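Worksheet for the structure shown next.
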2 protein chains.
Amino acid sequence: MKETRLGDFEEVILLLTGILGESAYAFKLAEEFEDQTGRAVSIGAVHSTLTRLEDKGFLTSEMGQPSAARGGRRKRIYTITALGQRVLSDAREFKMALWRQYPAFEMSY
Amino acid sequence: MKETRLGDFEEVILLLTGILGESAYAFKLAEEFEDQTGRAVSIGAVHSTLTRLEDKGFLTSEMGQPSAARGGRRKRIYTITALGQRVLSDAREFKMALWRQYPAFEMSY
DNA sequence: TTTATTTGTTCTACAATTTGGAATAATATT
DNA sequence: AATATTATTCCAAATTGTAGAACAAATAAA
């Protein structure tokens, strides 16, 4: 577990993992990413990012059970850690603090 | 002007440029970054990022006048473009939409 | 029961971003 | 003129972002 920063694609994937909860695994995350951004993403991109997030200690993973669906092999389920939540929360606070200072975004929080 | 994405350090620098207005130049941006994040940043990092943001069309720059201060040579002043503002705004909308879906961040916007 | 199809992961390579530091330049003070 | 200070520009290395091929396991169809 290396101590490092959080890239921006990493942040989105981490957030989606938190949002998806129990059903957070690579394929589903890729699908969700495309739905929410409209941007295509390769499955390889998602996998290597998940691995990096796990190395950094922001996620944990374990293999789940195979599903009844055709081809439904075992998935690797990812779970956000307390550290991961903290990092997301810090990133959010920081971003909001900046936006508040930018006149072009004058608004109430 | 290449059409590309916005990295996360890039986003912060772009935002700070908008916030600083007239006085947005590399040294000041580095200083501001350190004040706001508590994280040290090298001046080279800021410069290469500014150049990339300009290549992407999110910023414009021009040389200003020398200041009266000792060693106060001419600064390259950066200004955010309409495209840059739009990109920032889009990034903000997207991020807020995600946060709203994450139960750990249950709150009113 | 073999073969296809589907769902998934793991591995590998390359591109873009992030980051630090050295080299250089311009200005004011001594 | 020499020195100290404020800046920029240039270059190299590490980390992130991204795509795709190779492989594995499960069900459906033949």
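Computed from a predicted model, the values in this text were never measured in an experiment.
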Just how far, in rounded Å, is [atom2] of [N] from [atom1] of [X]?
X: I13(A); N: dT16(D); atom1: CD1; atom2: P; value: 15 Å
X: R70(B); N: dA4(D); atom1: CZ; atom2: C1'; value: 4 Å
X: L6(A); N: dT16(D); atom1: CG; atom2: C1'; value: 11 Å
X: Q65(A); N: dG8(C); atom1: CD; atom2: P; value: 14 Å
X: H47(B); N: dC10(D); atom1: NE2; atom2: C1'; value: 11 Å
X: E11(A); N: dG17(D); atom1: CD; atom2: C1'; value: 15 Å
X: D55(B); N: dC10(D); atom1: CG; atom2: P; value: 12 Å
X: I77(B); N: dT6(D); atom1: CD1; atom2: C1'; value: 13 Å

Toward the 5' end of DNA chain D, by each residue's nearest nucleotide, D8(A) or G71(A) | D8(A)

Starting from the 5' end of DNA chain D, give me the residue, R74(A) or I43(A), whose nearest nucleotide shows up first.
-> I43(A)

Among the candidates [options], find the nucleotide nearest to the side-chain atoms of [X].
X: R5(B); options: dT19(C), dT17(C), dT16(D); result: dT17(C)
X: R39(A); options: dA7(D), dT19(C), dT18(D); result: dT18(D)
X: R76(A); options: dG8(C), dT10(C), dT17(C); result: dT10(C)
X: P66(B); options: dT27(C), dG17(D), dA26(D); result: dT27(C)

Could you walk me through whether Q85(A) and T81(A) pass the side chain to side chain contact (heavy atoms under 4.5 Å, CB included) test, one step at a time?
-> CA-CA 6 Å; Q85(A) 296 213 17; T81(A) 63; over 6 Å; no

Would you mind reporting whether [Y] and [X] have side-chain heavy atoms less than 4.5 Å apart?
X: K95(B); Y: W99(B); answer: yes
X: Q65(A); Y: K75(A); answer: no
X: I77(A); Y: M63(A); answer: no

By the 4.0 Å heavy-atom rule, please label [X] as base, sugar-phosphate, or nothing.
X: V41(A); value: sugar-phosphate
X: T51(B); value: nothing
X: G44(A); value: base

Using a heavy-atom distance cut-off of less than 4.0 Å, which residues of residues 18-33 of chain B contact DNA chain C?
-> none

If only side-chain N and O atoms of K75(B) are considered, is one of them under 4.0 Å from the OP1 or OP2 phosphate oxygen of dT27(C)?
-> no

Flag this pair as yes if the NZ/CZ of R39(B) is under 6.0 angstrom from the six-membered ring centre of F33(B) and inside a 45 degree cone about the axis; otherwise no.
-> no

Donor/acceptor link under 3.5 angstrom from T49(A) side chain onto base of dT16(D) | no

Side chain of R73(B), base of dA25(C): donor and acceptor closer than 3.5 Å?
-> yes

Nearest-nucleotide 5' precedence on DNA chain C, R52(A) against Y78(A) | Y78(A)

Should Y102(A) and L15(B) be marked as a side chain to side chain contact (heavy atoms under 4.5 Å, CB included) after you check the CA-CA gap, both sets of side-chain angles, and the distance that decides it?
-> CA-CA 7 Å; Y102(A) 187 38; L15(B) 208 34; 4.0 Å; yes

Would F58(B) and L6(B) count as a side chain to side chain contact (heavy atoms under 4.5 Å, CB included) if you check the C-alpha gap in whole Å, the side-chain angles of each, and the deciding distance to 0.1 Å?
-> CA-CA 10 Å; F58(B) 301 151; L6(B) 188 66; 3.9 Å; yes

Without hydrogens or angle criteria, can the side chains of S61(A) and E54(A) be said to hold a donor-acceptor pair below 3.5 Å?
-> yes

